[in-house]
Amino acid sequence: MTTLREALAQGAQTLARADIQGTRLEAQVLLGEVLGMDRSRLLAYPDQVLTREQEQLYHSYLQRRGAHEPVAYIVGHKGFYGLDFLVDRRVLIPRPETELLVEAALQEIDQRLASGMAPVVADIGTGSGAIPISVAVSELRLPYIYACDISPEALEVTRQNCVRHHMTDRVRLLEGDLLAPLPEAVDVLLANLPYVGEDERSDMNADVLDYEPPLALFSGPHGLDLLYRLCKDAHTSGTLKRGGVMLLEIGYQQCEPLTHFLHGLWPQAAIHCQKDYAGWDRLVHVRLP
């Protein structure tokens, strides 16, 4: 019979042999998932014994993580903006830096609500639905928000997360390419589109490259193709209203070329880049005149 202390030590060793970083923490997360315990309780009862079934499931998790499958896919969920989202290989795993996009969106929405208007908001390339659901849960005054994705498989995950967070009435799912499915012009346009360049493949970890959906990662040679197309579509279609705001998550080298492109479309727009907590350019804010 294996105790929790022994299982954690064995798990850390197994993951270390597979060149996994943060082995002790990851072993705790995986074992906690098996037992339905948080880390504090896990560590408080080191002599508790695993059942045979628990031990088998734990070892299967360790084998999957040892093959560099992301922990979020193994356990089937990921925390984001204080909420817990279902994730699997149909969608990108939500990243902490994307919380900046949610915060910026909430500030813009709050300003409009305070002025007496109910803004129309849309998230493009919604994936798991982490962005629009987080916005809707955090801002109950917002009547609804559109969540668009070209992938029906991704939208099924979004739908499950809407049910999970009781947002089926306020997050409106739309299938289609970029802005095409939107039924009306918007005041606040959000997008965390694929922005990894094909030229970055050789630098990527196996955890990402071998498991996360390529459709949600790559966008042309330098990662800018979809961002350029979204901005051009927003300009030509008039989908973004006068005085509207577009918030785009970007790669760390994309601020300058994207800003240059945007000024070509909207010479009078106010455009600036916002850095993430690591000091990298992460968001582009575009405010139309």
Side-chain angles (χ1 to χ4, degrees), residues 7-34 39 55-81 84-101 125-131 149-151 153-154 156-158 160-161 192-227 249-254 276-282:
L8 288 173
Q10 293 169 7
Q13 292 172 2
T14 297
L15 297 178
R17 288 194 293 269
D19 293 325
I20 301 295
Q21 302 298 314
T23 56
R24 183 174 178 81
L25 175 59
E26 294 212 355
Q28 291 170 357
V29 171
L30 294 174
L31 185 57
E33 186 70 22
V34 168
R39 288 179 60 220
E55 193 168 352
Q56 289 174 344
L57 180 58
Y58 178 54
H59 283 297
S60 73
Y61 282 0
L62 290 172
Q63 288 176 350
R64 291 170 65 182
R65 185 64 187 119
H68 291 270
E69 183 176 353
V71 170
Y73 288 160
I74 296 172
V75 302
H77 58 95
K78 176 69 174 179
F80 178 85
Y81 212 73
D84 194 57
F85 290 90
L86 301 174
V87 294
D88 58 33
R89 294 182 65 174
R90 292 174 290 180
V91 296
L92 198 71
I93 298 168
R95 267 59 168 184
E97 55 266 27
T98 303
E99 294 185 355
L100 292 173
L101 178 58
T126 201
S128 64
I131 293 170
D149 206 291
I150 197 172
S151 166
E153 292 82 10
E156 179 54 36
V157 179
T158 310
Q160 293 172 17
N161 280 316
N192 179 19
L193 293 173
Y195 55 74
V196 179
E198 292 288 348
D199 56 0
E200 299 178 74
R201 278 183 179 270
S202 60
D203 299 325
M204 297 176 68
N205 293 329
D207 306 44
V208 177
L209 190 59
D210 294 347
Y211 290 95
E212 298 199 65
L215 184 66
L217 288 169
F218 297 103
S219 179
H222 307 298
L224 285 162
D225 286 14
L226 278 172
L227 284 165
E249 183 168 328
I250 61 168
Y252 70 100
Q253 295 179 317
Q254 295 173 341
D276 61 22
Y277 297 120
W280 299 108
D281 287 325
R282 188 60 59 195

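Values reported hereafter were calculated over all heavy atoms of this structure, with side chains retained and with hydrogens, waters and symmetry mates removed. None of these values were measured; they are calculated from a predicted model. FYI, the numbering just counts along the sequence from 1.
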Short side-chain to backbone donor-acceptor contact, Asp149 and Ser151, under 3.5 Å: yes
Short N-O contact, Glu26 and Arg65, less than 4.0 angstrom: yes
Minimum-distance pair of heavy atoms, taken over all atoms of Tyr73 and Val91: OH-O, 2.6 Å
Validation row: Val87, Val157 side chains within 4.5 angstrom (heavy atoms): no
Tyr195 and its side chain to side chain donor-acceptor pair (under 3.5 Å) partner, picked from Gln253, Glu200, Glu249: Glu249
Side chain to side chain, Pro194 and Phe218, heavy atoms closer than 4.5 Å: no
Salt bridge Asp276-Arg95, side-chain N to carboxylate O under 4.0 Å: no
Gln254 side chain to Gly251 backbone, donor-acceptor under 3.5 Å: yes
Under 3.5 Å side-chain donor-acceptor pair for Asp199 and His222: yes
Residue pair Gln28, Leu8: steps toward the side-chain contact (heavy atoms from CB on, under 4.5 Å) verdict: CA-CA 6 Å; Gln28 291 170 357; Leu8 288 173; 3.8 Å; yes
Nearest heavy-atom neighbours spanning Pro94 and Phe80: CB-CD1, 3.7 Å
Leu215 atom CG, over 12 foreign heavy atoms within 6.0 Å: no
Nearest-0.5 Å distance, OG1 of residue Thr126 to CG of residue Leu92: 11.5 Å
Test item: Leu217 and Met204 side chains (from C-beta on) under 4.5 Å apart, heavy atoms: yes
Atom pair CD1 (Ile74) and CG (Asp88), whose distance is rounded to the nearest 0.5 Å: 13.5 Å
Main-chain N/O of Leu226 paired with Ser219 side-chain donor or acceptor, under 3.5 Å: yes
Side-chain donor or acceptor of Glu99 paired with backbone N/O of Tyr81 under 3.5 Å: yes
Gap between atom CG of Leu15 and atom NE2 of His68 - 0.5 Å precision: 9.5 Å
Residue pair Glu33 / Tyr61, side-chain donor-acceptor N/O under 3.5 Å: no
Euclidean distance, Asp225 CG relative to Leu193 CG, rounded to 0.5 Å: 11.5 Å
Check against side-chain contact (heavy atoms from CB on, under 4.5 Å), Tyr58 and Leu31: CA-CA 6 Å; Tyr58 178 54; Leu31 185 57; 3.6 Å; yes
Heavy-atom closest contact (Gly129 atom, Phe85 atom, distance): O-CE2, 4.1 Å
Approximate separation, where rounding is to 0.5 Å, of Arg282 CZ and Leu101 CG: 11.5 Å
Residues, nucleotides or ligands: over 12 heavy atoms within 6.0 Å of Arg24 CZ: no
Spatial distance of atom OG1 (Thr14) from atom CG (Leu30) [nearest 0.5 Å]: 11.0 Å
Chi angles and distances behind the side-chain contact (heavy atoms from CB on, under 4.5 Å) call for Arg201, Leu209: CA-CA 7 Å; Arg201 278 183 179 270; Leu209 190 59; 3.6 Å; yes
Side-chain donor/acceptor of Asn161 to backbone N/O of Leu86, under 3.5 Å: yes
